[in-house]
Amino acid sequence: MAEEEGIHKHAFWLYGVLVGIAIKHALDATIPHIFDPANIASQLTANQLALPQASYGPAPDLGRLLVFLILIVRFYLGSAFFFSDIHDAGYGVSDPSEPFKKNYALDFICGFTHFVAFVILAMNIDVHTRQLFWFPVLVGFILFYDFIWWVFSQRYYSADYIFWWMVANSITLIVSGMVYLLAYYPLHRDPLVAEACAFLPVVAVSAYDIGAMMMDKPYFESVQNRLSRKPKKPRRGQRNNPQPSPRGGILSPPR
């Protein structure tokens, strides 16, 4: 069990490396523009000036940096809760003869792909040197990816933990997409203005989720409790023998 726990810690360390690389890329691309907007034009080459330039000022860089940081913090905290709850040594067995089905390789690869997507997102954060559509498209992929992960996890009890994140991110993606299309086509707003409007639901849901995790209520537990009216699940220190829940339901303690 100690060897298994060590492998989990080293694997999760790799996630931290990807997060660090992604944040460095994002800060390198945006901070010079935010703190020195008067010299944005001088920081760009002539062929890049065909894309958005100094007239936009630092606002798009600041907005994208905020969206990026709040998303990557949310997903990193979420992965910490998820892997601690599902794969930590000594967790996930209610009866030695009938252990809960889980797949560490699947969850690790899916999580790894998620954070690689964040690195690519960071490399496309600059509105002055990258095509505008890549950043919102990649944000959409990151939100949609939980659905892919959930589909591949159907055979395992971890799917119940992913379910509410998948629901929240799918709804957020749909709402944000509709806001963008409404702002860009009928209202004829600038692409960056439409993008900023579309990111409002992303920021709001992510801020709520981060706050809930800070209060030890991941997986949108408060929403689950309101919808199901079932008892709250125990705190992490009491989860020695958790029970798998009905699909999408409360992860309730054993009786």
Side-chain angles (χ1 to χ4, degrees), residues 19 21-76 113-148 165-211:
V19 169
I21 292 172
I23 292 177
K24 181 183 183 300
H25 271 293
L27 294 178
D28 286 345
T30 57
I31 291 300
H33 301 163
I34 293 172
F35 287 96
D36 194 13
N39 293 322
I40 289 178
S42 65
Q43 299 168 17
L44 307 175
T45 62
N47 62 325
Q48 289 170 333
L49 285 174
L51 296 170
Q53 0 80 18
S55 60
Y56 285 85
D61 296 286
L62 186 60
R64 283 188 169 190
L65 181 62
L66 173 64
V67 171
F68 170 82
L69 290 176
I70 197 169
L71 271 178
I72 200 167
V73 168
R74 174 194 176 195
F75 277 79
Y76 187 69
T113 304
H114 232 155
F115 288 111
V116 168
F118 273 107
V119 174
I120 300 172
L121 179 68
M123 296 173 68
N124 287 273
I125 197 172
D126 191 352
V127 299
H128 308 285
T129 61
R130 296 291 186 269
Q131 294 289 346
L132 292 182
F133 66 87
W134 278 117
F135 187 83
V137 166
L138 288 166
V139 169
F141 170 78
I142 288 171
L143 295 175
F144 179 74
Y145 189 75
D146 272 348
F147 176 78
I148 300 174
W165 272 329
M166 179 273 294
V167 169
N169 288 336
S170 298
I171 293 175
T172 303
L173 176 60
I174 293 171
V175 172
S176 294
M178 293 176 62
V179 170
Y180 183 92
L181 293 175
L182 178 64
Y184 186 69
Y185 286 107
L187 301 180
H188 303 291
R189 300 299 182 186
D190 184 276
L192 286 174
V193 175
E195 174 187 299
C197 295
F199 283 154
L200 291 177
V202 177
V203 172
V205 173
S206 297
Y208 173 86
D209 195 20
I210 290 174

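Nothing fancy with the numbering, it's 1 onward along the sequence.
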Any pair counted as side chain to side chain donor-acceptor pair (under 3.5 Å), so long as it reaches residues 192-203, sequence neighbours left out: Arg64-Glu195

Contacts of Phe133 that satisfy ring-ring contact (aromatic ring centres under 6.0 Å, His included) - sequence neighbours left out: none

Across all chains, not counting sequence neighbours, the side chain to side chain contact (heavy atoms under 4.5 Å, CB included) partners of Ile70 are Val203, Ser206, Ala207, Ile210

For Val19, check side chain to side chain contact (heavy atoms under 4.5 Å, CB included) against everything at least two apart and list the hits. Ile23, Ile72, Tyr76, Phe115

Is the gap between the ring centers of Phe135 and Phe199 under 6.0 Å? yes

List in chain and number order the residues that pass ring-ring contact (aromatic ring centres under 6.0 Å, His included) with His25, two or more places apart in sequence or in another chain; answer none if no residue qualifies. none

Please name all residues satisfying ring-ring contact (aromatic ring centres under 6.0 Å, His included) with Tyr180, sequence neighbours left out, ordered by chain then number. Tyr184

How would you list, by chain and number, every residue that makes a side chain to side chain donor-acceptor pair (under 3.5 Å) with Thr30, sequence neighbours excluded? none

Side chain to side chain donor-acceptor pair (under 3.5 Å) partners of Asp146, counting only residues at least two apart: Asn169

Set of residues satisfying side chain to side chain contact (heavy atoms under 4.5 Å, CB included) with respect to Ile120, sequence neighbours excluded: Val116, Asn124, Leu138

Taken in chain and number order and not counting sequence neighbours, the residues that satisfy side chain to side chain contact (heavy atoms under 4.5 Å, CB included) with Ala196 are none

Using ring-ring contact (aromatic ring centres under 6.0 Å, His included) as the criterion, list what pairs up with Phe68, not counting sequence neighbours. none

